[in-house]
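All remarks here apply to the structure that follows.
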Amino acid sequence: MAMTCRERITAAMNKENLDRPPVAVFTQSATVAQMDAVGAAWPEAHKDPTLMAKLAAAQNTFNGTECYRTCFCLTAEAERLGCAVSVEKKTDAPMMKSHPFHFDPMSGEYADPSELMPIEDYLKGGRVATILKSCEILRKDYDSENVPIVAGNTGPFTLTGHLVNTENIIFGMMMDPAQVDKWVAGVTPYVTKYCQALIDAGADIIQMSEPSGSTDMLAPDMFQEAAGIAVGKSLGITKGGLGNILHICGDTTPILDQMASIGGQVKGISIEEKVDSYKAVEMVGSKTVLVGNVGSVQPLFTGTAEETREGTLKSCKAGFDIISSGCGIATGTPNENYNMMVETVKNFSR
């Protein structure tokens, strides 16, 4: 008897032997083709939980992947905490417009994280509440018995950067690390509370994105102090669900061991094609669930269907546990490429 999507994802999350890996986009998964097909489009689907759920399910209902994935950006939490965000276009992700909290390592002048809204109010409004409601809808109104729900959120270090300006905290790491630590420690409880709320609302897996922890931003020896500890204190302590996944952009080869060692329920890591698939499996494949790493730009967005097939096969043959795009899907990704990734995995045999 064929496995359900839930059974296959569960087995992969537990690193059980499978005939093939599941194919499931754990990062941003929505495309214009999906929006047109299911009648749920940005920007409305960022703000309406019913439309959000419909578009979250589209990667499964329209493209045949093996999960639903709700939330399509990394700005909802920052907007709830006071950032101005532009949510206006069908084809473009929401954009940050302001960083409302003063943080100046040059002058030594800093806002205090105690100025953030009370944590008990955080989940009660804005797009944070919308995302939580979309999880409830996916659980209640979709085939969640057979298809697992992945919810995306933002890591503590990246969210801190949204609030005080990422450039400022990078300078702060060198000039006044105590203030960076203070702010990340102040933001982490909001992330922790949101992580658990996503699970409680119906999500099976949280895929936390922590792009500011990338080696493009930080020296590898800064990762654990800047981001890793806070990820463990938020994503790593949820109760329930199938386990969670940490995603970091860029060439994370120098920090793969650190990513894989974050304990608790951070069962796996999601990585880009900038990390060689075979090297990743060699380094940490026995320690963690590997998700990825089909290039979201090349081949999925700019390549041909044949290039997508070849890129997908590389991740499969290397031994990735769950095949996904290496980073968020571009909304303009050709549908034939999206479908080729799905078909290639489903026709693959170990």
Side-chain angles (χ1 to χ4, degrees), residues 27-28 30 42-43 45-49 52 69-89 92-104 110-135 151-173 179-198 203 206-214 216-218 226-227 230-231 233-235 246-249 327-328:
T27 53
Q28 195 298 110
W42 297 356
H46 287 295
K47 306 170 187 177
D48 181 298
M52 181 177 286
R69 204 282 192 178
T70 191
C71 185
F72 313 113
C73 72
L74 298 180
T75 64
E77 301 103 303
E79 184 180 54
R80 178 62 178 155
L81 290 171
C83 295
V85 176
S86 173
V87 189
E88 299 176 352
K89 296 183 178 181
D92 295 344
M95 297 293 294
M96 300 289 302
K97 295 295 185 182
S98 72
H99 312 282
F101 297 96
H102 189 71
F103 190 101
D104 187 355
Y110 305 98
D112 192 273
S114 64
E115 297 175 28
L116 295 169
M117 71 166 56
I119 196 165
E120 58 269 20
D121 295 337
Y122 173 59
L123 304 179
K124 297 178 181 178
R127 287 191 289 132
V128 167
T130 298
I131 295 162
L132 291 171
K133 183 64 176 178
S134 76
C135 289
N153 75 347
T154 309
F157 188 64
T158 300
L159 180 55
T160 300
H162 287 166
L163 297 174
V164 305
N165 191 320
T166 300
E167 185 176 296
N168 288 341
I169 62 168
I170 299 301
F171 279 123
M173 290 292 295
Q179 285 292 331
V180 176
D181 291 346
K182 179 180 179 179
W183 261 93
V184 174
V187 168
T188 297
Y190 291 82
V191 182
T192 303
K193 192 173 182 69
Y194 186 37
C195 284
Q196 189 59 56
L198 287 165
I206 299 168
Q207 180 265 301
M208 175 183 283
S209 293
E210 188 67 292
S212 295
S214 169
D216 293 340
M217 306 288 286
L218 296 174
V231 169
K233 290 180 177 178
S234 52
L235 188 65
L246 170 64
H247 173 82
I248 298 182
C249 305
C327 198

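A quick note: this is a predicted structure, and the numbers were derived from the prediction, not measured.
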Check against side chain to side chain contact (heavy atoms under 4.5 Å, CB included), Gln207 and Thr27: CA-CA 7 Å; Gln207 180 265 301; Thr27 53; 4.0 Å; yes

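- Proximity of Ser209 to Thr158: side-chain heavy atoms (C-beta onward) are nowhere separated by under 4.5 Å.
- In this structure, Leu235 CG and Gln196 CD are separated by 11.0 Å, a value rounded to the nearest 0.5 Å.
- Taking 4.5 Å as the limit, some side-chain heavy atom of Arg69 sits within range of a side-chain heavy atom of Cys71.
- Atom CE of Met117 sits in a crowded spot, with more than 12 heavy atoms from other residues, nucleotides or ligands closer than 6.0 Å.
- Using a 4.5 Å heavy-atom threshold, the side chains of Met52 and Ile131 count as touching.
- Between Leu198 and Ala151 the shortest heavy-atom distance is CD2-CB, 4.0 Å.
- The two residues Cys195 and Ile206 have their closest heavy-atom pair at O-CD1, 3.1 Å.
- Distance check: Phe101 CZ to Asn165 CG gives 13.5 Å after rounding to the nearest 0.5 Å.
- Checked by atom type and distance alone, the side chain of Arg80 never pairs as donor or acceptor with a backbone atom of Gly82 at under 3.5 Å.
- In this structure, Arg127 and Val87 have side chains that are in contact, with non-hydrogen atoms separated by less than 4.5 Å.
- Between the side chain of Trp183 and the backbone N or O of Ala111 there is at least one donor-acceptor pair closer than 3.5 Å.
- Proximity of a side-chain donor or acceptor of His99 to a complementary backbone N or O of His162 within less than 3.5 Å is detected.
- Side-chain atoms of Glu77 and Tyr190, non-hydrogen and from C-beta on, never get closer than 4.5 Å to each other.
- Listed for the Glu79 side chain is no donor-acceptor partner under 3.5 Å among the backbone atoms of Ala76.
- In this structure the side chain of Val191 reaches within 4.5 angstrom of the side chain of Met208, judged on heavy atoms.
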Step-by-step side chain to side chain contact (heavy atoms under 4.5 Å, CB included) determination, Cys135 to Thr70: CA-CA 7 Å; Cys135 289; Thr70 191; 3.8 Å; yes

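- In this structure, Tyr122 contributes its side chain and Leu116 its backbone to no donor-acceptor pair below 3.5 Å.
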Verdict with supporting geometry, Lys182 and Asp112, side chain to side chain contact (heavy atoms under 4.5 Å, CB included): CA-CA 8 Å; Lys182 179 180 179 179; Asp112 192 273; 2.6 Å; yes

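- Here the straight-line distance linking atom SG of Cys249 with atom CG of Asp216 works out to 8.5 Å at 0.5 Å rounding.
- The distance from the CG atom of Asp104 to the CD atom of Gln179 is 11.0 Å, given to the nearest 0.5 Å.
- Expressed to the nearest 0.5 Å, how far NZ of Lys233 lies from OG1 of Thr192 amounts to 9.0 Å.
- The CD1 atom of Ile170 sits 4.5 Å away from the CG atom of Leu218 when rounded to the nearest 0.5 Å.
- In terms of heavy atoms, Gly172 sits closest to Val180 at C-CG2, 3.5 Å.
- Panel note: side chain Ser212, backbone Phe157; no donor-acceptor pair is recorded below 3.5 Å.
- Listed for the Ser98 side chain is a donor-acceptor partner under 3.5 Å among the backbone atoms of Ala84.
- When all heavy atoms of Pro189 and Gly186 are compared, the closest pair comes out as CD-O, 3.4 Å.
- Here the side chains of Cys327 and His247 are in contact, with some heavy-atom distance below 4.5 Å.
- Although no hydrogens or angles enter the test, the distance criterion places no donor-acceptor pair under 3.5 Å between the side chain of Ser234 and the main chain of Thr188.
- Looking only at side-chain heavy atoms (C-beta outward), Val184 and Ile169 stay at 4.5 Å or farther from each other.
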